**Q** 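Here's a structure for you.
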Amino acid sequence: MPNVKLKNYFHLHFLVFIAGFTAILGELITIKAVNLVWYRMVMASILMLLYIVIAKVKLRVSPKAIIRFSIAGIIIALHWITFFGAIDEANISIALAMFSTGAFFASFIEPIIYKRTIIWYEIIFGIIVIIGVFIITQSELKYLTGIVLGISSAFFSSLFAVLNGSFLKRNTATVISFYEFLSGVFFISIYIFCFGDGFNADFFNISQSDLGYLFILASVCTTYAFIAAVYVMKVISPYSVVLTYNLEPIYGIMLAVILFPEKEKMSVSFYYGAAIIISVVLLNAALKYKRKLKRSHT
């Protein structure tokens, strides 16, 4: 059993690494964020459906559940659009540093969704996170649009994670994800028709390299990552999984600095601000884990 658990911990860190690599693909893909997310969700929906057919997963859920999943699908689409938009407007480091503020948003969203009281130290951590964001903003004012998009992405991500946590009590992650991807595609399609250029020849005229990166994004970083996380959580507690995923910005920023040293070279103040935000996120996760262990022993 210990060997099985250790193997799953390695698998979990690989999944977190994949999550960090998503930002790298966002930099490599040349099409705009809205189009990118549409392709990602279309491809992921098809791949997820193939898995559902092979694994003989039942898709039948109540109409009420479909509405809930659809709302979550729109939220995850908005998260991805703003995240890749932040990379386009700034760079990977800014997008991931701002993405780390998600823990701050979650500390206020969770009590509303689950009707619990706000923990006192979460308010203090929230203030410290704001200070970290302020330091980054002051030193990287030229990336203000990217910073705003990154923070928006973190908010949508936190809202999605909290909502999804409540869904998992009644349905499997595979079924939930499939309906979320479909609703995301529908939502973006309407947006493209109403506010974009529509599905013209230019929309489907993408390079082979972009197509290849999009397939990796949809297959490895989306479909595989969503399904694999479910299997990992059979051995490792969901809370430990969430705790480990807080390392995503660290992995992503390290990869970005190695692969794109010129574009990702930031001021010293940025790294101070990013270090403050990420440290608070990890400390918050550790304290929550400690509280959970304490409750389980009482």
Side-chain angles (χ1 to χ4, degrees), residues 12-29 33 36-37 40 76 78-106 125-126 128-161 213 216-217 220-222 225 241-285:
L12 174 59
H13 277 277
F14 177 63
L15 292 174
V16 178
F17 177 82
I18 286 172
F21 191 71
T22 299
I24 305 298
L25 291 169
E27 177 65 37
L28 292 170
I29 297 167
L36 187 160
V37 177
R40 178 184 190 175
I76 192 65
L78 288 170
H79 157 58
W80 283 336
I81 289 167
T82 48
F83 179 72
F84 291 119
I87 295 172
D88 291 341
E89 293 292 333
N91 57 24
I92 295 168
S93 297
I94 289 286
L96 286 172
M98 294 304 103
F99 178 69
S100 302
T101 63
F104 163 65
F105 289 117
F125 286 166
I128 297 170
V129 164
I130 291 168
I131 292 168
V133 172
F134 179 76
I135 292 168
I136 291 172
T137 305
Q138 290 295 103
S139 63
E140 305 295 342
L141 201 59
K142 61 183 176 180
Y143 294 133
L144 185 59
T145 305
I147 289 168
V148 172
L149 284 170
I151 292 171
S152 301
S153 172
F155 170 76
F156 289 127
S157 174
S158 300
L159 182 58
F160 173 76
Y213 291 138
I216 295 168
L217 182 63
V220 179
C221 301
T222 308
V241 172
V242 173
L243 188 76
T244 309
Y245 263 92
N246 286 310
L247 296 171
E248 178 188 340
I250 298 172
Y251 287 154
I253 291 172
M254 284 172 61
L255 276 170
V257 171
I258 293 167
L259 296 173
F260 310 106
E262 291 182 10
K263 191 173 181 182
E264 296 298 324
K265 192 175 182 182
M266 309 296 290
S267 65
V268 176
S269 296
F270 165 82
Y271 292 107
Y272 283 143
I276 288 168
I277 295 168
I278 293 169
S279 297
V280 167
V281 169
L282 294 175
L283 182 59
N284 180 41

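Values below: every heavy atom of this structure, side chains too, minus hydrogens, waters and symmetry copies. Owing to the predicted nature of the structure, the values given are computational and were not obtained by experimental measurement.
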**Q** How many angstroms lie between CD1 in I276 and CD1 in I135, if you round to the nearest 0.5 Å?
**A** 3.5 Å
**Q** Which heavy-atom pair separates I278 from P249 by the least distance, and what is that distance?
**A** CD1-CB, 4.3 Å
**Q** What heavy-atom pair brings G150 and A86 nearest, and what distance separates the two atoms?
**A** N-CB, 3.7 Å
**Q** I need the E140 CD to S93 OG distance, nearest 0.5 Å.
**A** 9.0 Å
**Q** Are L25 and F21 packed together at the side-chain level, in the sense that at least one heavy-atom pair is separated by less than 4.5 angstrom?
**A** yes
**Q** Can you confirm whether L247 sits close enough to L282 that some side-chain heavy atom of one is under 4.5 Å from a side-chain heavy atom of the other?
**A** yes
**Q** CD1 of I147 to CD of E89: how many Å apart, nearest 0.5 Å?
**A** 11.5 Å
**Q** Check the orientation of H79 and F83. Use parallel for under 30°, tilted for 30 to 60°, and perpendicular for over 60°.
**A** tilted
**Q** Looking at CZ of F260 and CD of E27, how far apart are the two atoms once the value is rounded to the nearest 0.5 Å?
**A** 5.0 Å
**Q** Could you give me the CA-CA distance, side-chain angles and deciding distance for I277 and I136, then say whether side-chain contact (heavy atoms from CB on, under 4.5 Å) is met?
**A** CA-CA 10 Å; I277 295 168; I136 291 172; 3.9 Å; yes
**Q** Measure the spacing between CD1 of I94 and OH of Y143 and express it to the nearest 0.5 Å.
**A** 7.0 Å
**Q** Measure across N91 and K263 and return the closest heavy-atom pair with its distance rounded to 0.1 Å.
**A** ND2-O, 3.3 Å
**Q** Kindly indicate whether the side chain of L96, heavy atoms from C-beta on, has any atom under 4.5 Å from the side chain of Y251.
**A** no
**Q** Is there a side-chain contact between L217 and T22 in this structure, where contact means two heavy atoms from C-beta onward sitting under 4.5 Å apart?
**A** yes
**Q** Identify the heavy atoms of A90 and G146 that sit nearest to each other, and give their distance.
**A** CB-CA, 4.0 Å
**Q** At what distance, to the nearest 0.5 angstrom, does CD1 of I24 lie from CD of E264?
**A** 7.0 Å
**Q** Output, in order, the C-alpha distance, side-chain angles, deciding distance and verdict of side-chain contact (heavy atoms from CB on, under 4.5 Å) for I92 and I253.
**A** CA-CA 7 Å; I92 295 168; I253 291 172; 5.6 Å; no
**Q** Of all heavy-atom pairs between S153 and F99, which one has the smallest distance, and what is that distance?
**A** OG-CD1, 4.3 Å
**Q** Apply side-chain contact (heavy atoms from CB on, under 4.5 Å) to residues L255 and F17 and explain how you reach the verdict.
**A** CA-CA 9 Å; L255 276 170; F17 177 82; 3.7 Å; yes
